[in-house]
Amino acid sequence: MTVRRQRHLSIQVENLGKLYRIGQGAQASYQTLRDQISRFAAQPLRWLRFFRSQDAIRRDEETFQIWALRGVSFEVHQGEVVGIIGRNGAGKSTLLKILTRITVPTEGRVDLWGRVGSLLEVGTGFHKELTGRENVYLNGAILGMKKTEIDQKFDEIVAFSEVERFIDTPVKYYSSGMAMRLAFAVAAHLDPEILLVDEVLAVGDAAFQKKCLDKMEEVGRAGRTILFVSHHMPSIVRLCERAVWLQDGQIYREGPAHQIVSEYLTESLGTTPSREWPDFYSAPGDEVVRLLAIRIRNDRGEVTDTFDIREPVGIEMEYLVLEGGYPLHAGFSLHNDEGQWLFASLDTDAEWDGKPRQPGRYRSLAWIPGNFLAEGTMMVGPSIRTEDPEILHLYEPDAVAFQVTERPGLGPSSRMGFVGHFPGIIRPFLQWETKLVDPSPWNGRSGLQMGILR
Amino acid sequence: MKISPMQVPSVVSALEQGEITHVHIEPYQGRVPLNLKEFWRYRELLYFLVWRDIKVRYKQTLLGATWAIIQPFFTMVVFSIFFGRMAQMASNGYPYPIFSYTALLPWTYFSGALSLAANSLVGSGGLITKVYFPRLIVPVSSVLSGLVDFAFAFLVLIGMMIFYGYAPTIYIILLPLFLLLALTTALGVGLWLSALNVKYRDVRYLIPFLTQFWLFATPVVYPSSLLSEPWRTIYGLNPMVGVVEGFRWALLGDKPPELMILASVIVSIILLVSGVIYFRHTEDTFADLI
């Protein structure tokens, strides 16, 4: 029985921990011989330990130790798609690095049943002097494919990458998008039983992204196990059944993806319906414009993250135009917590439309009408773009989020008293017109009244 | 995403047939296994990396393979002028150019392979931090890819032997063994240095000195016959002495290397084995340090 259960496990992680030692200086991950020699000179006894290596733990009393991961245990069954979420530095990447065997854990154990492929490594080992064809073989070998296997899949890989015409051209003449597509195509055809994905979805244009998602779903349907690390909550909810929330190197919560994501958003994003970048050097944007703040306000002007479905939602963006002459449009995208893109909007203010902006600080406010969105978590991704020539100055997906709920007793809403699951990704309060056209359509023949019903 | 068992033919059948590979990851307790089996499983990657190195090396250079000849050939010319002509260095009765070239041939391979191997890990940082494979493949591929240059340079030797009218001795069949000795020495030292280089970047600056001193510690510009026994055998503790003497013996019919080759082989094997062990011990930290 245990054997059988074990066989259908795909990933088993037990009490996993990874300790990183960080040198006293800010970086200094490698040392110079001089440091080492001075240390040896000070404590000659350590020479004896030198050849036993790995005694670094005791040697580095004076260095920082950071547990990037500690006491992490979880199991993933074959065919499951599990999302890993958490803030930067929560240990997500360390976990994937251990699972892909790039780095070795300090404690604990991992068992993997099946070939592991990861999209961490997209484009690894690509050499720009080599042709596309040569790189497919090289990259395939690096990812662990046999030559015969690459021979078999070669045409499929090339077709998927859409670079057929340039396959015998050195990769240095490719655009970065083409190189990326070819790299992804190789990785996507590795056919691993366990696929580890780390935010590659940011790669390529929208059409190609869709292809990648489709490929991932296809992989998932073929019974593959997928571990999906992303900051893009909508994708997590859309693709994963289960999610693991890492925080400070430990599992903070684990459960159904939509539930965990919703809790994650409420705790980490939802509590801050506004984000500000006080230091514009590090603010999102380019040399033309920087985003200073995005806030969500209600119609009383308060910054809040909870709205009644009937309330209008104000999206306020503050940005700094550093270089004049660009006819900018502020805008935002709105996603729901299932990852569906509800709509995008661009600044429609006629006063500024098509006019080059002068440098300065701007504030744009857009109103999403009340009685328009459905209930749920909404994620706002501010962007600023120029249409001609087309430049995307910045886009911060899911920068802020807010919750739409429906509280009873606040007047009419689209539900009209219906309390069950109300489908639909938006819920506009439509204008209905209902008239009594003819109060007596049966023309006085009262017998007909009952006859129609029977 | 809902997945019903009906839709999972390939993996399920693989599971049932027990074809699924099982990987167990745990920190080593005590001894680190050498894992040569794993290395063998990745032999195709080794092939592709060697193939890449060779291809890239000749692709963007104007002179391509000519570079493989230029370096030993012009070193030979310079040595012939300064050591052969001006310093009147002894050459066991052979014309100085061919005397020095027979030594420069394995030497150029050795020093090139050594410095390529020593810098190989740091140079492949992008690979090491992103993909798992036995790291041993990286320095091994550097040492192997240098053999192509050796082959080109060997063509020049054939030309010179015809020019000076020397026929190789029957012992030329042993030449691959002497080349192998140069290879294992380069790999042994290269493994030590490449692993140390990850941790201490000083190694990069050490390599040019090392190869320069080593050149003069090896009978390239002078004959080892300047020494008598037992010093000759002790001299053989430098494995490149065995290689160079072996080359001269097999190609020109010079004095056989006798006992000194034994010393060279033993030292070379010690270097290789200790190099592999040290490399394996530090291998796990490469990705964190690079």
Side-chain angles (χ1 to χ4, degrees), chain A residues 7-8 20 29-34 36 51 53-54 56 78-81 97-116 118 120-121 124-125 127 129-130 134 137-138 140-147 170 191 193 217 220-225 239-241, chain B residues 1-5 7-12 14-16 18 20-28 32 41-42 44-49 51-52 55-57 59-60 122 124 126-133 196-203 206 278 281-290:
Chain A
R7 287 192 120 201
H8 285 81
Y20 277 110
S29 56
Y30 56 85
Q31 298 149 309
T32 62
L33 205 53
R34 198 193 53 186
Q36 201 65 18
F51 287 94
S53 188
Q54 314 310 54
Q78 193 246 307
E80 260 192 306
V81 182
K97 277 190 173 175
I98 292 172
L99 294 182
T100 46
R101 305 173 71 192
I102 293 165
T103 187
V104 177
T106 313
E107 58 180 36
R109 35 178 283 178
V110 176
D111 282 286
L112 300 160
W113 287 270
R115 170 147 97 168
V116 178
S118 93
L120 294 166
E121 64 220 15
T124 305
H127 201 291
E129 295 295 335
L130 300 176
E134 291 164 343
Y137 278 91
L138 177 63
I142 287 170
L143 300 189
M145 281 193 238
K146 296 248 169 287
K147 187 171 174 297
D191 275 350
E193 283 100 16
E217 278 184 49
R221 277 199 208 93
R224 268 46 168 180
T225 308
L239 295 169
C240 306
E241 303 141 60
Chain B
M1 215 181 296
K2 289 280 171 295
I3 294 144
S4 75
Q7 290 166 309
V8 294
S10 56
V11 171
V12 165
L15 274 171
E16 277 161 3
I20 289 278
T21 46
H22 173 228
V23 176
H24 180 78
I25 305 169
E26 209 172 358
Y28 298 120
V32 180
R41 281 211 303 123
Y42 276 82
E44 277 200 1
L45 177 59
L46 176 64
Y47 163 76
F48 273 111
L49 288 182
W51 169 83
R52 177 198 67 179
K55 209 142 199 179
V56 169
R57 193 174 318 154
K59 227 168 188 176
Q60 220 194 3
V122 173
S124 313
L127 220 55
I128 286 165
T129 53
K130 287 203 171 144
V131 198
Y132 167 79
F133 56 88
L196 285 168
N197 200 5
V198 172
K199 210 168 176 192
Y200 312 105
R201 298 297 157 96
D202 310 64
V203 170
L206 177 79
Y278 180 72
H281 265 272
T282 47
E283 182 175 347
D284 291 343
T285 59
F286 290 166
D288 300 335
L289 291 176
I290 273 183

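Sequence lines set the chain letters: A, B, ... in the order given, protein chains first and strands last, and positions in each chain run from 1.
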### Message
Which atoms of B:Ser124 are under 4.5 Å from chain A, going by heavy atoms: the side chain, the backbone, both sets, or neither?
### Response
neither
### Message
What I'd like to find out is whether the side chain of A:Leu112 reaches to under 4.5 Å of the side chain of B:Ile25, using heavy atoms alone.
### Response
yes
### Task
Would you indicate whether the side-chain heavy atoms of B:Val23 and A:Arg101 approach each other to under 4.5 Å?
yes
### Task
Search all heavy atoms of B:Thr129 against all heavy atoms of A:Lys97 and return the closest pair with its distance.
O-CE, 4.0 Å
### Query
Are any of the side-chain heavy atoms of A:Leu130 and B:Val56 separated by less than 4.5 Å?
yes
#### Entry: B:Leu49 vs A:Leu138, side-chain contact (heavy atoms from CB on, under 4.5 Å): CA-CA, chis, key distance, verdict
CA-CA 7 Å; B:Leu49 288 182; A:Leu138 177 63; 4.2 Å; yes
### Smallest separation among heavy atoms of A:Ile102 and B:Tyr132, with atom names
CG1-N, 4.1 Å
### Query
At what distance, to the nearest 0.5 angstrom, does NZ of A:Lys147 lie from CZ of B:Phe48?
6.0 Å
### Query
Where do A:Pro105 and B:Pro27 come nearest, in terms of heavy atoms and distance?
O-CB, 3.4 Å
### Message
Working to the nearest 0.5 angstrom, can you tell me the gap between B:Lys55 NZ and A:Glu134 CD?
### Response
4.0 Å
### Summary
Heavy atoms of A:Met145 and B:Glu44 approach each other most closely as O-OE1, 4.0 Å
## Note on the structure
Honestly, the part of B:Ile128 sitting under 4.5 Å from a heavy atom of chain A is backbone
### Query
With side chains defined as the heavy atoms from C-beta onward, is the minimum distance between B:Leu127 and A:Ile142 less than 4.5 Å?
yes
### Query
B:Glu26 and A:Val110: side-chain contact (heavy atoms from CB on, under 4.5 Å), yes or no, with the steps?
CA-CA 7 Å; B:Glu26 209 172 358; A:Val110 176; over 6 Å; no
